[in-house]
Amino acid sequence: MATLKIFFFVLLIQCTIFTGSSHQLKKSNVNIDSYGDNTFNVISFGAIGDGKKDDSKGFKRAWDAVCDSSTPSPTFLVPQGKTFLLQPLTFNGKHCNSNNITFQIDGRIIAPTKPSAWECNTNCHRWIGFKNFDGLHIQGSGTINGQGDNWWKLSCKDNQKGFMIGHSKNVDIKGLTFEDSPKMHIAFEDSTSIHATQVTIKAPGNSPNTDGIHIQRSTNVSIHNTTIQTGDDCISIGDGSKYINITNIECGPGHGISIGSLGIMGKTEEVEFVHVRNVSFHGTTNGVRIKTWQGGHGHARNIRFEDITFHTSTRPIVIDQYYCPHKQCKNQTSAVEINNIAYENINDTSHKETAVQLSCSESSPCRNITMKNIN
């Protein structure tokens with residue numbers, strides 16, 4: 001649980017993994033520009049930035065140089081005013097010399113438009129990935145666009161991620177805009193001490209499975225001052241996640257902020273110590289939701305929602321221990337335990353008459369649910 005995956009949109013065909021190379025790039029073949037010895041501009045390593053030519057190799061060469069650099073704080077620069085077309089890529093920080101690397105993304109990064117143009121034969125569940133980092137800063141005024149329109153027309157239900165951070169720690173993301181991922185926009189997985197702030201995520205309200213931020217098997221994750229507009233959960237928190245802090249969020253359209261779903265196919269899954277505060281929901285299908293499958297095991301506990309405002313959300317407060325997105329699910333007696341859940345200072349206008357829905361298991365009922373100042 002001490003790592004995090006940051007993979008940005010995904011799908012099918014030969015994925016390129018960027019690891020620190022064992023050799024140094026020859027400076028006679030590469031024009032190191034005037035940004036300074038600690039800044040590596042992808043343009044200087046062969047990237048074009050016209051939005052048409054594949055810039056993956058230029059990004060790889062720049063990454064090899066950053067990873068091999070002896071400077072204590074190297075910067076990987078994606079300059080403004082350019083659009084870079086990238087195939088699926090993974091940046092691996094395992095063997096890099098520095099533990100204080102910055103990705104300064106001020107330009108625009110796009111994925112191939114057609115699913116058939118994606119090059120990744122195996123492990124195609126991400127577009128842009130970062131793994132095995134301890135000390136990574138991803139920031140800038142740029143935009144990362146997964147061009148997911150054609151993906152949304154397919155029946156594929158895989159959990160592809162656009163921008164993924166995995167098996168990492170001490171990672172922060174700031175200022176970037178993410179658009180139109182094929183599926184999930186950002187995923188934090190198997191990581192610890194991850195911080196996202198001033199991020200904007202945008203996709204049409206009818207785009208399927210385009211979660212804004214998904215957290216899985218990760219600890220000490222904070223998301224602040226962020227705006228999310230998608231066709232699925234603004235933020236979803238999955239198994240193995242604890243000590244999650246979410247504040248000052250604008251959510252909608254979308255499916256709200258969800259814990260789960262947990263316990264599918266009888267699995268033991270756990271989420272605990274989650275604090276959601278100062279969130280405004282606009283026209284979402286759900287607000288703050290905890291959803292678990294019948295037959296599951298584990299727990300969702302020590303979760304607090306406070307200072308929440310809803311504007312015409314359909315189901316503002318939901319606990320559902322009978323979660324079933326299918327026409328019919330088998331009745332089972334075991335259930336994921338839901339315990340110590342607090343709601344305070346909740347104000348809303350609901351799209352439907354029932355604003356609070358608590359569907360708790362008869363065999364393993366919800367316990368210690370408290371509500372204060374619910375309007």
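Computed from a predicted structure; not experimentally measured.
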Checklist entry - Between the side chains of Asp211 and Ser236, is a donor N or O closer than 3.5 angstrom to an acceptor N or O? => result yes
Checklist entry - Can you name the salt bridge (charged side-chain N to carboxylate O under 4.0 Å, His left out) partners of Lys82, sequence neighbours left out? => result none
Checklist entry - Quick one: salt bridge (charged side-chain N to carboxylate O under 4.0 Å, His left out) partners of Asp307, sequence neighbours excluded? => result Arg277
Checklist entry - Who pairs with Thr349 by side chain to side chain donor-acceptor pair (under 3.5 Å), at least two apart in sequence or on another chain? => result none
Checklist outcome for this item: Sequence neighbours excluded, the answer for salt bridge (charged side-chain N to carboxylate O under 4.0 Å, His left out) partners of Asp134 is Lys169
Checklist entry - Looking only at heavy atoms, what is the nearest atom pair of Asp239 and Thr268, with distance? => result OD1-O, 4.3 Å
Item to check | Contacts of type side-chain contact (heavy atoms from CB on, under 4.5 Å), residue Gln294, not counting sequence neighbours | outcome: Tyr322, Asn331, Gln332
Checklist entry - Is a side-chain donor-acceptor pair under 3.5 Å present for Asp106 with Gln80? => result no
Next on the checklist: My understanding is that only residues two or more places apart in sequence, or in another chain, count here; which of them pass salt bridge (charged side-chain N to carboxylate O under 4.0 Å, His left out) with Arg315?
Outcome noted: none
Next on the checklist: Are Ile246 and Val318 connected into the same hydrophobic cluster when the rule is that any two of I, L, V, M, F, W, Y join if their side-chain heavy atoms are below 4.5 Å apart?
Outcome noted: no
Next on the checklist: Could you check whether Glu179 pairs with Arg108 (Lys NZ or Arg NE/NH1/NH2 to Asp/Glu carboxylate O, under 4.0 Å)?
Outcome noted: yes
Checklist entry - Who pairs with Thr197 by side-chain contact (heavy atoms from CB on, under 4.5 Å), at least two apart in sequence or on another chain? => result Lys174, His224, Asn225
Next on the checklist: Ignoring hydrogens, what is the shortest heavy-atom contact between His185 and Ala203? Give both atom names and the distance.
Outcome noted: CE1-CB, 3.6 Å
Next on the checklist: Applying ring pair (Phe, Tyr, Trp, His ring centres under 6.0 Å), can you list everything that pairs with Tyr343, at least two apart in sequence or on another chain?
Outcome noted: Phe305
Checklist entry - So, Glu337 versus His297: side-chain donor-acceptor pair below 3.5 Å or not? => result no
Item to check | For Pro204, all residues meeting side-chain contact (heavy atoms from CB on, under 4.5 Å), sequence neighbours excluded | outcome: Trp152, Asp180, Asn206, Ser207
Checklist entry - Is a side-chain donor-acceptor pair under 3.5 Å present for Asp348 with Ser350? => result no
Next on the checklist: Which label fits Phe91 and Phe76: parallel for a plane angle under 30°, tilted from 30 to 60°, or perpendicular past 60°?
Outcome noted: perpendicular
Next on the checklist: Going by ring pair (Phe, Tyr, Trp, His ring centres under 6.0 Å), name the residues that satisfy it together with Phe281, two or more places apart in sequence or in a different chain.
Outcome noted: Phe310
Item to check | For Ser73, all residues meeting side chain to side chain donor-acceptor pair (under 3.5 Å), sequence neighbours excluded | outcome: Asn100
Donor-acceptor pairs under 3.5 Å, side chain of residues 253-262 to any protein atom, not counting sequence neighbours: which ones?
residue	atom	partner	partner atom	Å
His255	NE2	Gly231	O	3.3
Ser258	OG	Asp233	OD1	3.0
Ser258	OG	Arg289	NE	3.2
Ser258	OG	Arg289	NH2	3.3
Ser261	OG	Trp293	NE1	3.0

